[in-house]
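The chains referred to below are lettered A, B, ... by the order of the sequence lines, with proteins before strands, and numbering in each begins at 1.
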Amino acid sequence: MPELPEVETTCAGIRPHLVGNVFSDVQVRQTQLRWAVDAQLKQHLMGLKVVSVTRRAKYCLLNTAQGSVILHLGMSGHLKILPANTVAGKHDHVDFVFADQKMLRFNDQRKFGAVLWAEGNPLSHSLLKDLGVEPLTDDFTPHHLYQLAQNRTIPIKTFIMDGHNVVGVGNIYASESLFMANILPTRKAASLNPHDCERLVAAIKHVLQQAIKQGGTTLKDFLSPAGNPGYFSQSLQVYGRAGQGCYRCQTPIQQLKIGQRASYFCPVCQQ
DNA sequence: TTAATCACCTGAGGGC
DNA sequence: TGCCCTCAGGTGATTA
């Protein structure tokens with residue numbers, strides 16, 4: 001579920017409720033997530049004020065003066081703002097309760113997500129310090145992508161999904177961006193010329209921006225903190241459309257496993 | 001150093 | 001109806 005647009009939507013949804021608010025309680029029901037939840041999490045947070053809610057890659061950061069809570073939604077996680085003391089359901093693993101009696105609830109069916117505490121600057125955390133550029137900043141340029149792709153023999157789809165190159169591009173948006181840029185997902189990264197990189201960078205930025213505008217993509221289980229689905233799924237051009245006609249040329253969309261991930265493309269439009 | 005594969009967990013959906 | 005199998009949006013660790 002959560003790629004960059006979904007995490008951005010989630011951060012925007014919880015930000016107004018949390019900034020300026022003070023942690024008054026933390027309840028951890030399930031410590032065994034992707035990484036074990038810090039047993040001292042409550043002690044770290046009690047009495048601290050949230051000064052900002054930011055995003056780095058697919059991580060949502062609750063920043064305080066002492067450090068940050070790093071939240072990752074994995075494949076099935078989501079965050080909800082609820083009244084404190086709302087009865088917990090299945091897969092409701094962590095509750096952050098605030099002084100105004102609101103609660104941020106972390107729910108994750110598959111437990112691939114993470115709730116971590118980072119002392120000091122979260123960007124120095126081992127998970128975040130080696131990440132690539134943010135795709136929606138001016139740092140993500142065609143020249144940057146072209147330079148990174150030199151001598152890389154992996155498929156371009158795998159390349160743009162690697163967070164060390166560019167962050168936030170997951171399986172859905174990788175397929176969509178490559179379709180928009182007319183580039184076959186199986187092409188080796190190093191085979192892209194500067195003009196290809198120009199189209200691909202523009203496509204990634206466009207697809208992500210459109211998805212954020214529409215509240216992300218809901219395929220199965222993504223809901224914003226307010227409980228709303230994302231509507232970008234209605235704009236998908238190739239993802240999940242195997243066998244159906246390409247919207248441009250009517251050729252059946254093909255599906256292929258690339259890097260063990262389902263990939264969708266038009267064999268005529270994409271070269 | 002790079003590329004490919006594995007593992008983590010749960011539930012939906014299809015086939016029998 | 002129930003059992004079994006496959007698959008799924010992420011990503012760090014391990015292996016070659």
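- Using a cutoff of 4.0 Å between basic side-chain nitrogens and carboxylate oxygens, A/D92 and A/R29 are not scored as salt-bridged.
- Under 4.0 angstrom from either OP1 or OP2 of C/dT11 there lies at least one side-chain N or O belonging to A/H72.
- Looking at the side chain of A/K111, the nearest of the listed nucleotides C/dT11, C/dG12, B/dT10 is B/dT10.
- A distance of about 24 Å separates the C1' atoms of B/dG11 and C/dG12, rounded to the whole Å.
- A heavy atom lying under 4.0 Å from DNA chain C marks the following residues of residues 27-35 of chain A, by number: A/R34, A/W35.
- For the pair A/Y59 and C/dT11, the criterion of a side-chain N or O lying under 4.0 Å from OP1 or OP2 is not met.
- A/Q260 has a side-chain polar atom (N or O) that falls below the 4.0 Å cut-off from OP1 or OP2 of B/dC6.
- In the set C/dG9, C/dG12, B/dG11, the nucleotide with an atom closest to the side chain of A/M75 is C/dG9.
- Looking at heavy-atom distances under 4.0 Å, A/K188 makes no contact with the nucleic acid at all.
- In this view, A/F98 and A/F23 satisfy the ring pair (Phe, Tyr, Trp, His ring centres under 6.0 Å) rule, not counting sequence neighbours.
- The shortest distance between the side-chain N/O atoms of A/K257 and the OP1/OP2 oxygens of C/dA8 is below 4.0 Å.
- Comparing B/dT5 with C/dC7, their P atoms sit 15 Å apart, to the nearest whole Å.
- Of the residues in residues 145-161 of chain A, those with a non-hydrogen atom less than 4.0 angstrom from any atom of DNA chain B are A/R152, A/T153, A/I154.
- Stacking of the aromatic ring of A/F112 onto the base of C/dT11 is not found under the criterion of centres within 5.5 Å and planes under 30°.
- Between B/dA12 and C/dT11, the distance separating the two C1' atoms is 23 Å to the nearest Å.
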> How does DNA chain B look in dot-bracket notation if pairs are Watson-Crick or G-U with both distances under 3.5 Å, crossing ones as [ ], other-strand ones as |?
Replying inline: .|||||||.|||||||
> Does the pair A/L184 and A/L178 meet the rule for a side-chain contact (heavy atoms from CB on, under 4.5 Å), with working shown?
Replying inline: CA-CA 7 Å; A/L184 269 181; A/L178 287 163; over 6 Å; no
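- For A/L127, counting side-chain heavy atoms from C-beta on, the closest listed nucleotide (B/dC9, C/dG12, B/dG11) is C/dG12.
- Residues forming a salt bridge (Lys or Arg N to Asp or Glu O under 4.0 Å) with A/D38 (at least two apart in sequence, or on another chain): none.
- Not one side-chain nitrogen or oxygen of A/K90 sits closer than 4.0 Å to the OP1 or OP2 atom of B/dT10.
- Each side-chain hydrogen bond (donor to acceptor under 3.5 Å, both in side chains) pair with one or both residues in residues 133-148 of chain A, not counting sequence neighbours, appears once here: A/R55-A/E134, A/R56-A/E134.
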